[in-house]
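Below: one structure, written as structure tokens.
By convention in this document, chain letters (A, B, ...) are assigned in the order of the sequence lines, proteins followed by strands, and residues within each chain are numbered from 1.
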Amino acid sequence: MPVSAPAAAGDPFATLPDELRALLRAESVPRRVEPMAAVLVHEPFSEPGWLFERKLDGIRCIALRDGDRVRLRSRNDLPLDGRFPGIAAALATAAAPRCALDGEIVAFDGARTSFERLQSRGGRPARAFLYVFDVLHLAGRDTTALPLRARKRLLRAAVAPGGPIRTTPHRTGDGAALLADACRRGWEGLIAKRPDAPYAHGRSADWRKLKCSAEQELVVGGYTAPRGSRTDLGALLLGYHEGGRLRYAGKVGTGFTRAALRDLAARLGPLRTGASPFADPVREAGATWVEPRLVAQVAFTEWTRDGRLRHPRFLGLRDDTPAAKVVRE
DNA sequence: TTCCGACAGTGGGGTCGCAAT
DNA sequence: ATTGCGACCCCACTATCGGAA
């Protein structure tokens with residue numbers, strides 16, 4: 001039998017000090033794991049002691065191996081094995097015989113991770129990798145009570161990187177400087193982790209998410225109707241000028257307070273017009289069109305390949321920019 | 001008393017599968 | 001064949017409420 005993770009032989013916990021060994025609880029490989037989640041922070045911080053990993057833009061994956069059986073689960077405990085058979089197969093030898101790993105499945109577009117590549121449009125599968133960054137169970141022991149640093153050490157014993165399986169490097173240092181560096185490289189952001197914290201199931205302030213996001217001014221060309229408890233409007237339909245035409249850029253439906261919604265509705269009402277101002281077809285039944293005069297400042301993560309904003313949120317209206325000057329940056 | 005964290009609810013792009021047209 | 005819808009994946013954000021401080 002070809003092998004395999006170093007953990008296959010010997011006691012993987014041999015190097016742990018006694019007080020940490022006392023935290024290990026005996027149990028079988030868990031049936032389901034709720035992955036630990038980070039809290040989003042907007043201000044870069046420089047508190048010492050944190051550990052930083054690249055934020056990978058892919059699909060969260062809990063990988064469970066129990067002997068011959070390997071399972072890949074999504075954040076909501078749905079099976080991912082069928083979508084990523086190569087990763088599952090690789091783990092059958094690369095992972096320790098009984099373990100639970102936490103990681104992210106990603107695909108690359110050049111040097112950057114691309115969520116869209118992962119979404120297998122048209123059936124052509126992208127080459128996918130599993131970046132493991134944590135170990136929750138190993139050799140019959142629940143390791144979640146251990147501090148992150150100890151789990152990182154055990155991770156080296158729990159998985160042997162190679163092929164589609166990779167480990168996630170981490171760094172320590174000044175958070176603000178590391179984030180600036182990450183954004184320069186075109187990364188999505190960073191995950192900051194407290195090295196002395198145990199693994200929590202669900203959201204925890206011991207992990208922080210720092211994002212590199214883009215901003216851009218866009219023209220408001222219409223809006224959708226509110227639903228449920230929403231008041232005034234649902235989302236703004238946005239565009240930018242290109243070659244004398246108004247190109248459609250997608251919608252933004254979050255980021256406004258109730259007061260902002262009321263204000264927007266009041267300002268958009270008088271601009272109402274019968275037809276769409278966009279040069280592109282906008283499939284939006286029941287939209288209200290307006291003359292493209294208002295300019296909104298919008299933050300988002302990136303442009304999708306269809307020319308839409310990804311993860312857009314409304315920041316405010318700009319009265320200082322003429323709508324005619326708004327172009328895609 | 002005030003403040004904070006967790007949750008529900010509303011909004012986004014994209015893909016897939018299925019039912020209705 | 002096309003369209004619409006919901007369920008997934010990835011999310012951001014506001015408003016609310018109960019418990020902590």
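- Considering only side-chain atoms of A:Lys209, the nucleotide from C:dA12, C:dC9, B:dG12 that sits closest is C:dA12.
- With a cut-off of 3.5 Å on both Watson-Crick or G-U wobble distances, the partner of B:dG5 is given as C:dC17.
- Under 4.0 angstrom from either OP1 or OP2 of C:dC11 there lies at least one side-chain N or O belonging to A:Lys55.
- Here A:Phe314 lies out of heavy-atom contact (under 4.0 Å) with every strand.
- Following rounding to the nearest Å, A:Leu118 (CG) and C:dC11 (C1') show an atom-to-atom distance of 15 Å.
- Side chains of A:Asn76 and A:Ser74: no donor on one and acceptor on the other come within 3.5 Å.
- Using bins of under 30°, 30° to 60° and over 60° for the plane-to-plane angle, the ring pair A:Phe52/A:Phe45 lands in the tilted bin.
- Atom-to-atom, CG of A:Asp57 to P of C:dC10 comes out at 10 Å; the value is rounded to the nearest Å.
- Put simply, CZ on A:Arg227 is 16 Å from C1' on B:dA8, counting in whole angstrom units.
- With C:dC13, B:dG12, C:dC11 as the candidates, the nucleotide lying closest to the side chain of A:Pro312 is B:dG12.
- Per the geometry, CZ belonging to A:Arg230 stands 9 Å off C1' belonging to C:dT14, to the nearest Å.
- A 4.5 Å side-chain heavy-atom check between A:Asp232 and A:Pro226 finds every atom pair outside the cut-off.
- The side chain of A:Asn76 lies closest to C:dC9, out of C:dC9, C:dC10, C:dG4.
- Nearer the 5' end of DNA chain C, as judged by each residue's closest nucleotide, is the contact made by A:Arg283, out of A:Arg283 and A:Thr254.
- When distances run from any side-chain atom of A:Leu40 to the nucleotides C:dC11, C:dG4, C:dA12, the shortest one goes to C:dA12.
- Remark: A:Arg203 is not in phosphate contact with B:dC7, judged by side-chain N or O atoms under 4.0 Å from OP1 or OP2.
- If you measure from atom CD1 of A:Ile59 to atom C1' of C:dC9, you get 6 Å, rounded to the nearest angstrom.
- Distance from the side chain of A:Arg258 is smallest for C:dA15 among the nucleotides C:dA15, C:dC13, C:dC9.
- Side-chain contact, A:Glu217 with A:Thr321: a donor N or O sits under 3.5 Å from an acceptor N or O.
- Closest to the A:Thr257 side chain, of the nucleotides C:dT14, B:dG13, C:dC9, is C:dT14.
- With hydrogens and angles disregarded, a donor-acceptor distance shorter than 3.5 Å links the side chain of A:Glu104 to the backbone of A:Gly58.
- Rounded to an integer number of Å, the gap from CG of A:Asp306 to C1' of B:dG14 is 8 Å.
- For the pair A:Glu188 CD and C:dC10 C1', the interatomic distance rounds to 9 Å; values are reported in whole Å.
- An OP1 or OP2 oxygen of B:dG9 is reached within less than 4.0 angstrom by no side-chain nitrogen or oxygen of A:Ser229.
- Between A:Tyr248 and A:Phe278, the angle of the ring planes goes over 60°, which puts this pair in the perpendicular group of the 30/60° scheme.
- Residue A:Ser74 is classed as a sugar-phosphate contact, given heavy-atom separations below 4.0 Å to backbone atoms only.
- One can place CG of A:Leu238 at 11 Å from P of B:dG12, the figure rounded to the nearest angstrom.
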